[in-house]
Amino acid sequence: MDVILVGLPGSGKSAVGRRLAQRHQAPFIDLDERIESRAGRRIPEIFAEESEAVFRAHERAAIAELGPPDREPAVARVVATGGGAVVDPRNRWALYRDRLAVWLDGRPEVLAQRLRRSPNVRPLIVGRDPVFAVRELAAKRERYYSAATARINGVPEIHGVLEAVEAAISAWRNPPTRLLDAETAIGRYVLGEGIAATEIGAALRRLEAGRAVLVSEPGAWVAAGSGIAATLAADGWPVEHVLLPQGEDAKRLAVVEEAARALARLHVERSEPIVAIGGGALGDAAGFLAATYLRGIPFIQVPTTLVAQIDSAIGGKTGVDLPEGKNLVGAFHQPATIVLDVAVLGSLPDRQRRAALGEAVKMAALGDERLFELLERDGTGIAAGDEATLESGALAEVVERSGWAKVEVVVADERERGPADGRIRLNLGHSLGHAFEAAAGFGDLLHGEAVGYGLRAACAIGEALGVTPPERARRIGALLDRLGLATSPLPYAVGTVLGHLAADKKHAAGRLRWVLPTADGVVVRADVPADVVERAATGQLATGSPA
Ligand SMILES: NC(=O)c1ccc[n+]([C@@H]2O[C@H](COP(=O)([O-])OP(=O)(O)OC[C@H]3O[C@@H](n4cnc5c(N)ncnc54)[C@H](O)[C@@H]3O)[C@@H](O)[C@H]2O)c1
């Protein structure tokens, strides 16, 4: 096996790594030393004379050079990583998958003390109050270190640390790969591959549940739920399950009534959580069930579609449809834990995956350059369900970047009451997107497909107002083209589309607030003239459609 040591500067990764390697007569690899020999200069010089980005590129290459993991039980290599190596999702994918990753943790005061005595210059710490700098780094990086297999906490003497690492080595049975483990103001967020059952178990234990009450629907149940149920049962959990109808049919008040009665028959009590396993429709309905049954019970979201993993499971919006419109009855109710397992996405139909990328393009357009590049390179492979995009970590990175960006926006503005840089940003492409979706009768167009048309229309409005540079609009359009999204005009009448737009919920004092792309993000404008909107909508419609 490969033992990977991660943690903040000063946590003792090199010292522990060297001693551990000696004990096991295994090679010791200090990634920072490898980076220095690749670059032909010391790390502080790379930072000072080139940039952090150049350093990170060397770091990524040094990690790639580790090659495939060793899967034998004996310790084959010990690797000490630089403190920031795990910030990059792809590095984490390489370092945590099929390897024993050990987080050496410690109190910031102790780490700062060690750094003061260390001869090594740490570019991100130097010139600052070390305790403050270490605390800040700890807060920013905890979610990455937390995902490691083992955490060795607060052991001051190297001997004690070595013994604790030895115990982790003996206990290691190659568990599923965790990539991110974050405690946030809107619940715990855990991402990984193959983690669903173990993380649901952990979340249930945290909520002191005595059994696992799973709420799912036939499609998600076959693809993921039944396997999860079997693993939970094998782990000793009493398991119950309630199935709602498949697809949008789950989002009806009558279905929620039936499901609430099923929970009542199971004697589900006020503190007992339910586990929602399914896509966005199932999550919205089961979330609303959790929000209202006994005036609110805890719930665990286990999104099984790409749309749900990057968007709908995050943010606490739950609800059902009425014949008069979508999502008209609902509640804000945050899950206790969101478990995102990219392994369950393999069975999704291509159209579902492709449509979900409409939301990912939106998140990229909000200002994530790396996500943009990732979608430009790997988006078509992800849309086609290409196994290589799972194996390379590209799929997990798209889920993490899109999903985490939503977490941050929602934490800052949970109820969408905030300023222009708040939750309303997430509406990019959605005003006309919803109108196109409604014009299609919510059947012909998937949500993400409609967002694709909405994004093109938002670019057209932005260009007309002079806020979207033409090259930005072209780049967004070219990415949608590549992904096969919103490529042929829609067969609806412009009057119908504008009628649905007028009924949109997101009005400020009667005026629609438009989220429009800029060179590297978005602005919110409430002063878009009606004729500009009409031209942008018409641009997405087949010519000759009756008004
Ligand atoms: N709450 C929010 O913030 C929010 C945001 C965006 C969208 N939504 C809602 O999400 C819904 C759309 O999401 P969706 O497309 O995930 O809906 P969905 O739940 O209907 O799932 C789509 C289909 O995929 C199947 N499926 C689920 N998991 C699968 C798997 N792993 N393998 C194979 N098939 C699988 C389902 O059975 C279903 O037929 C809409 O109702 C929309 O309103 C909510």
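Quick caveat: nothing in here was measured; it's all calculated off a predicted structure. In each ligand, atom 1 is the first atom listed, and ligand 1 is the first ligand listed.
In terms of N/O distances under 3.5 Å, ligand 1 is not approached by Thr318. Remark: ligand 1 and Ala308 share no N or O pair separated by less than 3.5 Å (distance only, no angle test). Residue contacts with ligand 1: Pro349 is placed with no nitrogen or oxygen under 3.5 Å of a nitrogen or oxygen of the ligand (distance criterion only).
Of the protein's non-hydrogen atoms, the one nearest atom 24 (O) of ligand 1 is Thr305 CG2, 3.9 Å. The protein atom (non-hydrogen) at minimum distance from atom 28 (N) of ligand 1 is Thr304 OG1, 2.7 Å. Nearest protein neighbour of atom 41 (O) of ligand 1, counting heavy atoms only, is Glu248 OE1, 2.7 Å. Closest protein heavy atom to atom 23 (C) of ligand 1: Gln352 NE2, 3.7 Å. What sits closest to atom 37 (O) of ligand 1 on the protein, heavy atoms only, is Glu217 OE2, 2.8 Å. Leu348 CD2, 3.9 Å is the protein heavy atom nearest to atom 34 (N) of ligand 1. Distance from atom 11 (C) of ligand 1 to its nearest protein heavy atom, with residue and atom name: Ala281 N, 3.4 Å. Looking from atom 30 (C) of ligand 1 to the surrounding protein, the closest heavy atom is Ala223 CB, 3.4 Å.
The proximity of Glu359 to ligand 1, defined as any non-hydrogen pair under 4.0 Å, does not occur for either the backbone or the side chain. Contacts between Ser312 and ligand 1, counted as non-hydrogen atom pairs separated by less than 4.0 Å, involve both the backbone and the side chain. At a heavy-atom cutoff of 4.0 Å, ligand 1 is contacted by the side chain of Asp311 but not by its backbone. In Asp284, the part holding a heavy atom less than 4.0 Å from any atom of ligand 1 is the side chain. If you look at Arg353 next to ligand 1, there are no close heavy atoms at all, none under 4.0 Å.
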Audit row: Glu359, His447, side-chain hydrogen bond (donor to acceptor under 3.5 Å, both in side chains) steps and yes/no | CA-CA 9 Å; Glu359 288 289 350; His447 177 71; 2.9 Å; yes
Given Glu369 and Arg475, is the salt bridge (charged side-chain N to carboxylate O under 4.0 Å, His left out) satisfied, shown in steps?
-> CA-CA 12 Å; Glu369 175 58 27; Arg475 189 176 181 198; 3.0 Å; yes
What's the verdict on side-chain contact (heavy atoms from CB on, under 4.5 Å) for Leu432 and Tyr453, showing C-alpha distance, side-chain angles and the deciding distance?
-> CA-CA 8 Å; Leu432 270 170; Tyr453 287 100; over 6 Å; no
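Within 6.0 Å of CD in Glu408 there are more than 12 heavy atoms belonging to other residues, nucleotides or ligands. The environment of CZ in Arg206 is crowded: more than 12 heavy-atom neighbours from other residues, nucleotides or ligands sit within 6.0 Å.
For the atom pair OG of Ser431 and CD1 of Ile424, the computed distance is 7.5 Å after rounding to the nearest 0.5 Å. Separation of atoms CD (Glu240) and CG (Leu266) is listed at 5.0 Å; rounding is to 0.5 Å.
Taking the six-membered ring where tryptophan is involved, the planes of His333 and Phe299 are essentially parallel, since the angle between them stays under 30° and well short of 60°. In this pair, His241 and Trp221 present their aromatic rings parallel. The plane angle is below 30°, not in the 30 to 60° band.
Tyr189 places no side-chain N or O within donor-acceptor distance of the main-chain N or O of Gly403, the cut-off being under 3.5 Å. Arg401 places no side-chain N or O within 3.5 Å of a backbone atom of Leu374 that could act as its donor or acceptor partner. Distance alone, capped at 3.5 Å, is enough to place a donor-acceptor pair between the Glu449 side chain and the Leu446 backbone. Between the side chain of Thr184 and the main chain of Gly187, a donor-acceptor pair closer than 3.5 Å is present.
Within the listing of ligand 1, atoms 1 (N), 3 (O) sit less than 4.0 angstrom from a heavy atom of Lys317. Within ligand 1, counting atoms from 1 as listed, the ones closer than 4.0 Å to a heavy atom of Lys326 are 40 (C), 41 (O), 42 (C), 43 (O). Heavy-atom contacts of Gly219 reach the following atoms of ligand 1: 37 (O) (cutoff under 4.0 Å). Residue-ligand proximity, Lys406 to ligand 1, at heavy-atom distances under 4.0 Å covers atoms 3 (O). Counting atoms of ligand 1 from 1 in the listed order, those under 4.0 Å from a heavy atom of Gly279 are 16 (O), 19 (O). Near Ser347, meaning under 4.0 Å from one of its heavy atoms, ligand 1 places the atoms 30 (C), 31 (N), 32 (N), 33 (C). Taking every non-hydrogen atom of Leu282 and a distance limit under 4.0 Å, the qualifying atoms of ligand 1 come out as 19 (O). Every atom of ligand 1 is numbered from 1 in the order shown, and the set under 4.0 Å from a heavy atom of Val344 is 31 (N).
With respect to the salt-bridge test (charged N to carboxylate O, under 4.0 angstrom), the residues Arg474 and Glu463 do not qualify.
Gly247 counts as a contact of ligand 1, since one of its heavy atoms falls under 4.0 Å from the ligand. Ligand 1 does not have His430 within reach: every non-hydrogen atom of the residue lies 4.0 Å or more from it. Under the 4.0 angstrom criterion for non-hydrogen atoms, Ala224 is not in contact with ligand 1.
At a threshold of 4.5 Å between non-hydrogen side-chain atoms, the residues Thr518 and Arg472 do not count as touching.
Looking at Ile277, Asp341, Val339 one by one, the single match for side chain to side chain contact (heavy atoms under 4.5 Å, CB included) with Ile228 turns out to be Ile277.
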